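Below you'll find the structure, written out as structure tokens, and then a few comments.
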Amino acid sequence: MRAPSSGPEIAAGDVLLAVENVSLAFGGVKAVTDVSFDIRKGEIRAIIGPNGAGKTSMLNIINGFYQPQQGRITFKGKTRPKMQPYEAAEGGIGRTFQNVALFRGMTALDNIMAGRTLKMKRGFFWQLFRYGPAMREEVEHRLFVEEIIDFLKIQEIRRTPVGRLPYGLQKRVELGRALAMEPELLLLDEPMAGMNIEEKEDMSRFILDVNNYYGTTIALIEHDMGVVMDLSDRVVVLDHGVKIADGTPDEVKRDQAVIDAYLGVAH
Amino acid sequence: QDSIYVPLFTYRTGPFSGSGIFIAEGMHDYLEMLNQRDGGIGGVKLAIEECETGYDTKKGLECYEAVKDKKPVMVNPWSTGITLPLIPRAAVDKIPVLSMAYGLSAAAIGDTFPWIFNPPATYWDGLSMILSYIGNKEGGLDKLKGKTIGYIYLDAGFGKEPIPLFEQFAKDYGFTLKLYPVAATEMQNQSSQWLNVRRDRPNYMVMYGWGALNPTAIKEAVKINYPMDKFVSIWWPSEDDAKSAGDGAKGFKELNWHAVGANFPAIQDIKKYVTDKNLTQTDKNHLGQVLYNRGVYNSMLIAEAIRNAQKITGKKVVTGEDVRRGLETLDVDKARLKEIGLDGFTDPVKLTCADHNGHFPAFMQEWDGTKWVKVSEPIKPDMAKVGPLLSAAAKEYVEKNTGWPKRTEACDKAS
Amino acid sequence: MLYKILIDPFVQMGAAPDLLVQTLWEGLVGGVLYALIALGFVLIFKASGVFNFAQGIMVVFAALTLVGVYEALSSWGVPRGMLAAYLALAVAILVMLGLAFAVERVMLRPLVNQPDIILFMATFGLTYFLIGLGELVFGGNPKRMIAGDLGLPSGSYDIKMAGGFVSLQKIDIAAVIIVSVMVAGLGFFFQRTRIGRALRAVADSHKAALSVGISLEQIWVVVWFAAGIVALATGIMWGARSEVSFSLQIIALKALPVLILGGFTSIPGAIVGGLIIGIGEKLGEFYWGPLLGSGIESWLAYFIALAFLLFRPQGLFGEKIIERI
Amino acid sequence: MLYREAGQFKTSYVADQAIFPIRQDRIGLALILLIAFVVLPLTASDFFLSVVMVPLLIFSLAAIGLNILTGYTGLLSLGTGGFMGVGAFACYKLTSIFPEVNIVIWILVSGLFASGVGILFGLPSLRIKGFYLAVATLSAQFFLDWAFVRLPWLVNYNISGAIEVPTRTLFGIPVTGPNATPQVRYLVILGVVTLLTWFASNLVHGRIGRSWMAVRDMDLAAELMGIRLYRTKLLAFAVSSYFCGVAGALMVFLWYGSAEPGVFGIDQSFFILFMVIIGGLGSLIGSFFGAGLIYGLPIILRGFVNAVGLEIAPATVEHLTFMTVGALIVFFLIIEPEGLARLWQIAKQKLRVWPFPY
Amino acid sequence: MTSSAATASVAPATETILALNNIEVIYDHVILVLKGVSLAVPKGGIVALLGANGAGKTTTLKAISNLLHAERGEVTKGSIVFNGDEVQALSPNELVRRGCIQVMEGRHCFGHLTIEENLLTGAFTRRDGSAAIKRDMDMVYGYFRRLSERKNSLAGYTSGGEQQMCAIGRALMSRPKMILLDEPSMGLAPQIVEEIFEIVKDLNAKEGVSFLLAEQNTNMALKYATYGYILENGRVVMDGDARSLSENEDVKEFYLGISEGRRKSFREGKHYRRRKRWLA
Ligand SMILES: Nc1ncnc2c1ncn2[C@@H]1O[C@H](COP(=O)(O)OP(=O)(O)OP(=O)(O)O)[C@@H](O)[C@H]1O
Ligand SMILES: Nc1ncnc2c1ncn2[C@@H]1O[C@H](COP(=O)(O)OP(=O)(O)OP(=O)(O)O)[C@@H](O)[C@H]1O
Ligand SMILES: [Mg+2]
Ligand SMILES: [Mg+2]
């Protein structure tokens with residue numbers, strides 16, 4: 001796999017994405033209230049909090065699916081009040097979803113290939129003939145996708161329609177699809193829900209590898225504290241839409257507000 | 001054993017089966033009666049075969065392909081949509097098309113359309129007869145000046161065809177023409193059209209309707225208290241159409257060219273040889289109804305054309321080519337009508353090579369609440385107006401269909 | 001031209017208020033009758049998420065059964081009149097019940113939890129079947145609706161106004177009343193009862209509904225039966241306006257814009273949608289139609305519906321389209 | 001054992017990306033094409049060609065068109081009939097204005113007009129979804145219906161109000177009009193359908209097809225992956241309408257020979273939609289199967305009754321046909337809701353594991 | 001908290017409420033998923049069903065509640081007996097009426113119904129009057145406070161965890177005798193996970209409700225269950241009472257993430273692992 005490219009160079013450790021004073025409410029429900037935090041290039045940033053705290057909404061804001069009512073987002077040095085989903089995608093934000101959002105009617109291979117759509121440029125005419133440049137392009141991207149498939153160890157299910165896969169594998173395919181976008185920032189929404197320890201270990205391995213080898217920045221939502229504490233560099237904690245803590249795993253773990261709102265007992 | 005193959009395209013199913021059933025019954029029963037009573041025509045049995053079209057062009061074409069190879073002596077498509085594609089094929093396949101008072105009006109011009117026949121009158125003839133009836137009631141067509149005539153029609157080729165002629169009449173006689181098109185999907189829902197009628201208050205209403213358009217229109221007319229005796233239709237409404245509006249429909253008029261009722265020897269023979277012997281699916285009290293009799297009329301033309309073809313060619317088993325000649329020299333005069341038991345049923349029919357229609361007169365019949373009653377003498381179509389239109393239409397057809405073949409078929413002398 | 005579009009129609013309205021009132025009335029009646037057809041669709045859609053293509057043929061089938069049985073009864077010696085008519089009505093209702101059972105058993109049960117479009121397709125199969133069966137049993141010729149024998153009034157009230165008159169057909173008034181009562185009743189039944197909630201649950205997800213123990217079988221029979229009754233009422237009303245024949249199924253299409261405008265799942269939506277479409281298309285056809293050569297009614301309804309949808313993509317009363325990820 | 005991919009290794013992704021990766025499939029396809037292009041025209045009867053094959057191919061093409069929109073992109077359309085009409089009328093106008101240009105070219109060009117109209121009526125598709133989108137296509141359908149009747153210019157002011165197909169030739173052989181033999185018409189249609197099916201297959205197997213399916217399966221996720229919904233949907237409308245338009249032109253020019261506007265009515269739209277559903281949404285081969293079942297089945301049933309020589313009135317045959325077709329549709333859906341194409345796949349799968357049950 | 005397992009096994013596990021006998025399940029006529037699974041749940045017992053992704057846990061539960069049919073799957077061999085009745089002969093709603101309800105994996109709330117309406121549909125089969133239903137609803141709100149805050153929102157708009165709570169609450173509303181829980185802890189905050197297991201324990205102890213738990217959180221599951229089955233590749237590869245399972249070395253390694261006596265960090269995951277010996 002190649003390292004992600006494009007866009008202004010941001011050195012590791014610099015702020016890749018900053019969220020400032022963002023608020024979002026649905027009718028009476030305040031999903032996110034005045035939250036600010038940043039994600040630095042190359043880190044694994046966890047977002048945790050009790051159910052309904054606004055974590056998923058936060059990711060949705062970051063990649064443009066929800067438009068915040070207040071606040072600003074700075075991504076790769078560019079500040080804007082809101083983003084369009086395709087701008088986010090073109091800018092290099094990839095994403096997996098809490099409720100698996102795969103293209104159910106397509107095979108695993110096609111799903112991941114679909115992740116390459118943005119990178120494929122051959123026009124309608126060539127597609128019509130599926131020949132020459134179109135075919136070359138197809139093969140070139142197929143090679144890339146095969147690398148991902150090997151990496152995620154999902155070779156056997158390449159041709160299976162994803163709707164029929166067990167939940168855990170669906171999550172893995174979804175990760176593959178996000179990786180196919182060669183994102184600079186990868187948003188993972190509960191990637192390990194519904195997995196057993198063994199699978200969580202595998203998944204952790206994948207996440208770390210992506211992070212280590214390709215330098216992909218990762219924002220991770222997860223309820224398994226073991227995973228969060230082990231993997232993440234910094235953790236932001238939300239509760240009822242409000243940020244209640246932000247810091248290294250160890251700091252957060254000992255924060256009384258976090259213990260009260262979320263952890264219940266000290267871990 | 002030899003027989004003459006007569007396919008009948010019928011539509012006893014589908015949204016228009018209400019008319020189709022009667023017509024199919026009349027057509028079938030008359031021919032079957034000939035088979036039973038006379039052993040066919042000229043001693044040759046008729047092989048009658050129905051093909052169900054459901055009034056659907058697709059199925060109609062399927063029927064055509066299915067019968068084509070069995071050497072039919074003619075086809076009766078019974079739908080304008082099916083007739084149109086058959087017009088160019090007739091000459092190629094050597095199968096004459098009899099589209100009785102429907103289809104392409106211009107087909108009346110025998111020189112251009114040697115294989116197509118549409119007696120006894122075209123829709124244009126129909127309109128001119130309706131207007132001359134109206135003129136007559138008003139005391140002369142020129143009395144129409146300043147009056148308004150409404151035209152309610154099915155918004156399709158059939159309903160639109162008379163409009164140019166209608167407009168010309170309006171110009172010539174100084175009346176105002178109001179158009180009320182009804183889309184095929186809106187046939188049962190005509191209240192806006194009739195609201196418009198209420199607003200425009202036309203002195204007369206003319207209708208070219210089909211299927212559910214007719215009963216709905218009659219009901220709506222009753223609803224707005226439109227004077228029924230000023231409501232005149234082309235020849236398609238049936239007894240049921242009028243009946244459904246109840247007493248209010250009394251006085252509704254339509255054009256027709258043959259009698260209603262079963263008091264004709266031929267129809268009695270149908271009863272005796274066919275219906276009473278259960279050789280048909282026909283419901284007995286359909287005999288004599290206007291569309292049943294129309295089917296009988298159609299079959300009478302078929303039978304006479306075959307008989308005529310046998311006479312000209314001397315062959316017993318005739319082909320499509322022979323029957324085309326038979327049709328061109330068809331001459332069913334009063335004596336012949338009497339012979340075949342249809343005395344007083346209709347006026348004589350005579351076709352020529354040049355005129356495949358005849359433009360025969362029709363009369364007006366009125367609904368008296370239970371049945372149709374003839375209320376006028378035969379009315380002649382206004383050939384001065386219709387004639388030029390026909391030749392122009394035929395000419396145009398040829399121009400647009402580049403490569404349309406010149407007539408090569410020789411013209412027989414009437415026998 | 002602008003004058004003709006923007007001003008002239010209103011001048012006309014002012015000049016002949018009786019016609020305006022009449023147009024509105026016709027629109028109202030038309031709308032109510034559209035709503036009745038739409039109601040049949042809504043019931044089934046609400047209960048199973050199935051778009052029932054067969055509703056149109058069910059209308060024909062129900063009406064044919066009513067009239068056919070009536071004829072049969074009179075040929076067996078039951079005198080024509082109220083008695084025979086109501087006997088026939090009872091039989092027709094039973095037939096619709098039987099149909100509901102058969103549909104549930106043969107078609108819906110094996111297709112539980114299939115995508116909507118598949119069930120839609122199945123109702124197309126049902127349509128074909130019912131067309132064949134109806135024609136086989138009752139014949140294809142049009143029949144007269146026995147409106148009089150059913151006790152529906154005929155004639156009209158003519159009200160004088162502003163130099164003209166407004167004519168209110170008694171049967172139309174009856175239609176408005178009957179439909180209102182039916183809608184209110186069904187609305188109450190499906191909105192306020194336990195069954196109502198279950199229906200919405202089923203429409204949301206067959207699978208989840210099964211898992212919480214909702215009896216799809218029972219619900220489907222109830223709903224298809226209700227739709228059958230609505231079809232019967234539709235058949236009577238539209239049959240009385242024109243005739244009972246297979247071409248009646250064409251008007252079922254008119255329910256589509258109504259349905260879409262009102263929202264597929266809403267009983268009040270069917271009514272409001274019906275009224276908007278009914279009145280809108282009558283006014284449009286009457287006052288603006290002549291500018292385009294009339295007959296625009298055939299598509300006007302769809303454009304009206306489309307215009308509304310652009311502002312409310314789920315229809316006026318439809319359930320929110322949940323977009324969440 | 002006959003049907004297996006075992007032992008067939010692909011050494012390049014080009015081979016693996018091929019549309020028929022299994023050798024037996026490729027041989028099968030070649031055989032089918034051979035039969036279609038050579039054997040049938042030589043042996044089949046005129047009736048079979050013009051009543052069965054010609055319509056089947058045309059309907060299949062229209063079904064592929066609709067399948068691209070509804071099956072692959074998930075946008076329900078009830079305007080197919082109208083779009084076919086646009087193609088037919090466009091072709092008629094083109095060939096009357098420029099009679100010297102080859103008719104096959106005009107048939108292929110006429111689809112572009114349908115595309116244009118399709119895009120126009122596809123515009124609401126970003127905001128309106130699911131069954132609700134049907135209203136946009138329905139308004140297209142009814143508006144076009146009305147326009148076809150109301151614009152006499154479209155039929156060159158023919159008094160019949162219908163398209164009257166003139167005779168046109170290809171290399172001197174008539175392909176339209178009464179003198180075109182069923183064989184010629186069939187071959188021309190087959191050529192067009194094969195070419196367009198190949199195009200369709202290329203499109204759906206590549207980037208464009210994947211974005212269509214992505215939009216169908218989960219439009220929100222697709223959007224977040226950078227697929228522009230609007231463009232993708234409109235492209236689907238355009239391509240789909242193109243196919244329908246060409247099918248419409250073929251239908252009128254090489255099958256009916258003349259057509260009243262009524263043949264492009266809403267019935268036609270439903271008819272084709274049903275072919276797509278029963279054949280299999282999102283499957284090209286399913287479009288052929290669907291056309292076969294919905295159009296072909298009644299013909300087979302009627303033929304069957306005739307062949308057996310049962311003494312039943314034709315109307316009754318028709319009623320029974322309707323009932324049987326209806327029942328069979330439900331039956332097929334029950335045994336395989338995903339359509340005949342899926343049934344076909346399962347059959348292949350069974351063949352693959354044969355002689356073991358799974 | 002550690003004592004809980006002991007309390008649950010107080011109920012005499014003699015009578016079985018649910019028994020699966022060597023069942024085989026095929027999807028789509030061709031995909032063989034369960035290859036002869038047998039298990040039993042004693043009346044008043046909590047039984048855990050463990051296993052990796054795709055082992056067939058969900059399929060087993062669906063087979064029990066007769067929902068396979070809706071996914072084009074079928075039980076081709078074996079029998080399932082619930083409370084003396086052959087399950088195959090009962091419709092899903094009849095099963096619910098008789099007290100066997102499933103909480104489906106992946107939430108499956110009715111998106112267009114509010115949370116409260118969702119809970120009410122859970123009581124569909126009940127006939128004991130609205131007062132009793134109201135009481136149970138309050139109980140559910142008591143368990144899940146977050147739900148009572150959101151009770152008037154459409155379920156489709158609520159967060160993943162809220163939906164999960166809603167699905168569980170909905171099942172409780174039917175007053176079941178036996179609950180089939182598929183991944184109850186998925187997507188829930190740690191606090192809530194514990195709460196859920198407490199509820200399980202509670203209902204089991206107080207009302208004698210039996211449970212069959214398909215759960216990935218092996219740790220939790222074995223803590224609360226009395227008995228466990230481990231499913232791999234459509235077969236039961238191991239079973240035993242919960243304590244003995246959690247002491248098994250393989251289970252420790254593969255399902256509890258403990259090796260060499262301590263919890264591994266997720267950072268330590270290896271690319272290559274020891275193969276499970278029963279897969280050989
Ligand atoms: N589109 C929406 N409309 C209405 N309410 C919404 C919408 N999206 C989210 N919410 C509400 O906002 C709140 C935060 O939801 P969100 O999905 O962000 O929670 P979360 O932190 O991801 O929780 P979980 O851990 O359970 O997934 C919830 O109460 C949810 O019901
Ligand atoms: N509808 C279906 N059609 C075909 N195959 C299916 C279907 N549902 C499940 N399967 C297959 O059955 C096997 C078992 O799936 P199941 O969902 O029962 O696993 P599971 O143990 O619940 O896994 P997970 O822990 O991921 O939920 C999987 O291999 C899956 O691919
Ligand atoms: Mg979330
Ligand atoms: Mg599972």
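Here the structure is a predicted model, which means the values were calculated and not measured. A note on names: the letters A, B, ... follow the listed sequences, proteins ahead of strands, and every chain is numbered from 1.
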> Which region of D/I266, side chain (C-beta onward) or backbone (N, CA, C, O), has a non-hydrogen atom less than 4.5 Å from a non-hydrogen atom of chain C, or is it both or neither?
Replying inline: side chain
>> side chain to side chain donor-acceptor pair (under 3.5 Å) for C/E281 and C/Y34? Distances and angles first, verdict last.
In response: CA-CA 12 Å; C/E281 75 173 12; C/Y34 289 156; 2.4 Å; yes
> Using a cut-off of under 4.5 Å for heavy-atom pairs, which of C/F264, C/F303, C/W299 has the most such pairs with chain D?
Replying inline: C/W299
>> With chain D as the partner, which of C/V106, C/L292, C/L261, C/D116 has the greatest number of non-hydrogen pairs under 4.5 Å?
In response: C/L292
> Picking from C/L126, C/L253, C/T127, which has the most non-hydrogen pairs under 4.5 angstrom with chain D?
Replying inline: C/L253
> Got a sec: does the CZ of D/F331 have more than 12 other heavy atoms crowding it under 6.0 Å?
Replying inline: no
> In terms of heavy-atom proximity below 4.5 Å to chain D, should C/L111 be classed as side chain, backbone, both, or neither?
Replying inline: side chain
>> Around atom CZ of C/R105, are there more than 12 heavy atoms from other residues, nucleotides or ligands closer than 6.0 Å?
In response: no
> Using the ring of each side chain (for Trp, its six-membered ring), is D/F274 parallel, tilted or perpendicular to C/F124, with breaks at 30° and 60°?
Replying inline: parallel
> Heavy-atom distance under 4.5 Å to chain D: side chain of C/I260, backbone, both or neither?
Replying inline: both
> Measuring heavy-atom distances to chain D, does C/L300 have an atom under 4.5 Å in its side chain, in its backbone, in both, or in neither?
Replying inline: neither
>> Using heavy-atom distances under 4.5 Å, tell me whether C/F308 contacts chain D through its side chain, its backbone, both, or neither.
In response: neither
> Side chain, backbone, both or neither: which part of C/Q114 has a heavy atom under 4.5 Å from chain D?
Replying inline: side chain
>> Regarding C/K143 and C/E71, does a basic nitrogen lie under 4.0 Å from an acidic carboxylate oxygen?
In response: no
> Do D/F59 and D/Q268 come close enough that some side-chain heavy atom pair is under 4.5 Å?
Replying inline: yes
>> Taking side chain as everything from C-beta outward and backbone as N, CA, C, O, which of these in D/L144 sits under 4.5 Å from a heavy atom of chain C? Side chain, backbone, both or neither.
In response: neither
> Is any side-chain N of the basic residue among D/R228 and D/E223 closer than 4.0 Å to the acidic one's carboxylate O?
Replying inline: no
> Among D/F322, D/F131, D/F270, which residue forms the greatest number of heavy-atom pairs with chain C at distances under 4.5 Å?
Replying inline: D/F322
